[in-house]
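Before anything else, here's the structure in question.
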Amino acid sequence: SDGGLRPIEIVPLLTRREESESKLRETADWIVARHPEWGAALVDYFEEALLGLGGAGADADSDAAAQSREDLRRRLLQFVEDSDILELLVGVLRSSDYSADAKRIVLQVMGDSGNEILPMDWLVELERLVRSDEIALTREAVAVLRKVPAKGSGVKALTVALVALGHNEDAPEDLRLAALAAVPGGLREVDEGLLGLLGENLDSEQPVSSRAAAVDVLVKAVLTNGQLIELTETLASVSPLDIEGLLKAFERSQDETLGAALVAALAASPARSALREESLKPLMAKFPATVAEKAERLYEVLRTDRAEQHAHLEHLLATLPEGDIRRGQLVFMSAKAACSSCHEIGYLGGNVGPDLTHIAKIRSARDLLEAVVFPSASLVRSYEPSTVVTADGVVLNGLIREQTEEGILLATGPDKEVRLAHDEIEEILPSSVSVMPAGLDKQLTLQQLADVMAFLQSRN
């Protein structure tokens, strides 16, 4: 029993900001979270809280203000299925009474809602924001569209808006890429200008988010055989983090010339150590037998690479120059290494991989080097990956971040998550392949690798 508690008694306690009343506020928060039927009673509270955002007060950027915004976002998310709250969210986006800060929170809630399909009234507002000149809100709207599929009668107009944004050379390049990645069903046609933009952003020197968006676009797009052959030329500069994901772009073709070009490009790619034979074989089987024969030589190279891992690790240990901690931190945070996109140190970084804040306390220099160069050799407890086979035969490797009655949320890389319903899943198996790709030592110079090692060894 809830003891006859009523929303009118509990909701006002959520606004208590005094430190001495923190326990009272936390208790009220706990009670509210357990009453999903209170959505209508919370509308006024949420409306007032959202109207209060965006002021120019002295503490607007304080830690307390940031925590207050996060609390508001989290509470809204708990009631995102309530019809009254849904109506409020759309109303905030439509109204000029609310600040950009309030609208950003609403958009974040929409993106994190877990909806399988965008409600039509959301879709209409998101399309309007895609066309708007408010870049910050456009960016958030595009982020929602990348997370939640858009279907139905409003998709055509939305597609036109997203493609137009992708072609807009005055827009920030990362936003153009994100817009193209959000196109429902993928691009039906890719002109040479867009293909050039996408190819440039596959380079390992580009930010992780830009590379991921470029891969997403290419994987879903309809490309000609000529364009796919052109795409094989980018494999020489693709990061180990992206190479396997990019291969999905070649699954729709059975052209012999393309298959031969793909095998040759993969064999020559510095990122080939991130490839898995078991993932390559289904792809190569789609091409004529002559391509499969060439691919056998590629598999032999990959097997040789694996056999040489131990000797290579010992050689690196013996030949690494002295590293510099400060330079190592810069490499760790760089787009090329992309370490910080998955790993947190202090308060900075991603959470796909283990927290490295005090990693030197539990890992020796040799263990650290092995984890960097051959991440699948020793998987960290609680970060064991899974192989998910979907009902239509797609094989995904990643970390299960969330498991509910409806389905799972699978993290397949930095800023890459796939939500799958249980009826879409054929099988879930333990995986021996880390989400972190091998081959980082091929991306970095020996000195850069030594600097990263010095930085990691200083984390104690």
Side-chain angles (χ1 to χ4, degrees), residues 11-12 14-15 17 38-62 64-113 115 117-148 150 152-166 168 170-172 174-176 178-179 182 184:
V11 172
L14 296 174
T15 61
R17 301 259 45 102
W38 282 5
L42 284 161
V43 168
D44 289 343
Y45 158 73
F46 283 130
E47 184 175 11
E48 184 176 348
L50 288 165
L51 283 169
L53 292 176
D59 64 344
D61 296 321
S62 68
Q67 185 59 54
S68 180
R69 288 194 293 271
E70 173 56 24
D71 288 344
L72 178 58
R73 186 199 67 81
R74 175 177 50 78
R75 289 169 186 152
L76 274 168
L77 192 56
Q78 292 169 346
F79 291 90
V80 74
E81 295 182 3
D82 184 274
S83 59
D84 293 288
I85 300 300
L86 287 174
E87 186 177 346
L88 172 65
L89 296 181
V90 173
V92 170
L93 295 183
R94 289 175 178 164
S95 174
S96 60
D97 293 337
Y98 295 88
S99 67
D101 202 8
K103 293 180 180 182
R104 277 195 295 271
I105 286 180
V106 164
L107 290 166
Q108 289 164 9
V109 169
M110 288 180 169
D112 293 337
S113 66
N115 282 4
I117 300 175
L118 277 174
M120 180 55 66
D121 50 357
W122 287 18
L123 193 153
V124 170
E125 291 307 310
L126 291 169
E127 182 211 328
R128 180 181 61 78
L129 289 173
V130 168
R131 297 180 184 277
S132 79
D133 296 326
E134 299 177 85
I135 292 296
L137 293 181
T138 299
R139 194 180 296 280
E140 293 286 357
V142 169
V144 176
L145 293 166
R146 290 189 68 185
K147 289 182 177 181
V148 188
S153 59
V155 166
K156 185 175 182 180
L158 175 64
T159 298
V160 171
L162 289 167
V163 171
L165 179 55
N168 183 359
D170 293 328
D174 66 318
L175 180 55
R176 294 176 63 193

**Complete:** Closest non-hydrogen atoms of Leu165 and Ala179, given as atom of the first, atom of the second and distance, are CD2-CB, 3.6 Å
**Test log, rule side-chain contact (heavy atoms from CB on, under 4.5 Å), inputs Leu77 and Gln108** = CA-CA 9 Å; Leu77 192 56; Gln108 289 164 9; over 6 Å; no
**Item:** Check against side-chain contact (heavy atoms from CB on, under 4.5 Å), Tyr98 and Val106
**Value:** CA-CA 11 Å; Tyr98 295 88; Val106 164; over 6 Å; no
**Asked** With a 4.5 Å heavy-atom cut-off, do Asn115 and Trp122 have their side chains touching?
**Response** yes
**Asked** Is Ser113 close to Val144 at the side-chain level, that is, under 4.5 Å between some pair of heavy atoms?
**Response** no
**Message:** Contact between Leu118 and Leu145 at the side-chain level, heavy atoms closer than 4.5 Å - yes or no?
**Reply:** yes
**Prompt:** Does anything in residues 85-103 pair up under salt bridge (Lys or Arg N to Asp or Glu O under 4.0 Å), and if so which pairs, sequence neighbours excluded?
**Reply:** Arg69-Asp101, Arg94-Glu125, Asp101-Arg104
**Prompt:** Hey, are the side chains of Leu107 and Leu126 touching, using non-hydrogen atoms and a 4.5 Å cut-off?
**Reply:** yes
**Request:** May I ask you to test the Leu93-Met110 pair for a side-chain heavy-atom distance under 4.5 Å?
**Result:** yes
**Request:** Step by step, work out the side-chain contact (heavy atoms from CB on, under 4.5 Å) result for Leu72 and Leu53.
**Result:** CA-CA 10 Å; Leu72 178 58; Leu53 292 176; 3.8 Å; yes
**Prompt:** Can you name the residues that form a side chain to side chain contact (heavy atoms under 4.5 Å, CB included) with Ala178, not counting sequence neighbours?
**Reply:** Val142, Arg146
**Message:** Which residues pass the salt bridge (charged side-chain N to carboxylate O under 4.0 Å, His left out) test with Glu70, not counting sequence neighbours?
**Reply:** Arg73
**Message:** Minimum heavy-atom separation for Ala102 and Leu50, please, with both atom names.
**Reply:** CB-O, 3.4 Å
**Request:** Only pairs at least two apart or in different chains count here, so list each side-chain hydrogen bond (donor to acceptor under 3.5 Å, both in side chains) that has a residue in residues 130-139.
**Result:** Glu127-Arg131, Ser132-Thr138, Arg139-Asp174
**Asked** Would a 4.5 Å heavy-atom cut-off, applied to side chains only, mark Phe79 and Asp84 as touching?
**Response** no
**Fill in**
Between Ala182 and Leu162, the two heavy atoms sitting closest are O-CD1, 3.6 Å
**Complete:** CD1 (Ile105) and CZ (Arg75) are apart, to the nearest 0.5 Å, by 11.5 Å
**Request:** Return each pair, listed once, that meets salt bridge (Lys or Arg N to Asp or Glu O under 4.0 Å) where at least one residue sits in residues 42-54; pairs must be two or more places apart or across chains.
**Result:** none
**Request:** Kindly say whether Val155 contributes a backbone atom to a donor-acceptor pair with the side chain of Thr159 at under 3.5 angstrom?
**Result:** yes
**Request:** Take Val43 and Asp82 through the side-chain contact (heavy atoms from CB on, under 4.5 Å) test and state the conclusion after the steps.
**Result:** CA-CA 10 Å; Val43 168; Asp82 184 274; 5.6 Å; no
**salt bridge (charged side-chain N to carboxylate O under 4.0 Å, His left out) involving Glu140 - partner list, sequence neighbours excluded** = none
**Request:** Supply the atom-to-atom distance Leu88 CG to Phe46 CZ, rounded to the nearest 0.5 angstrom.
**Result:** 8.5 Å
**Prompt:** Heavy-atom distance under 4.5 Å between the side chains of Val80 and Asp112, does that happen here?
**Reply:** no
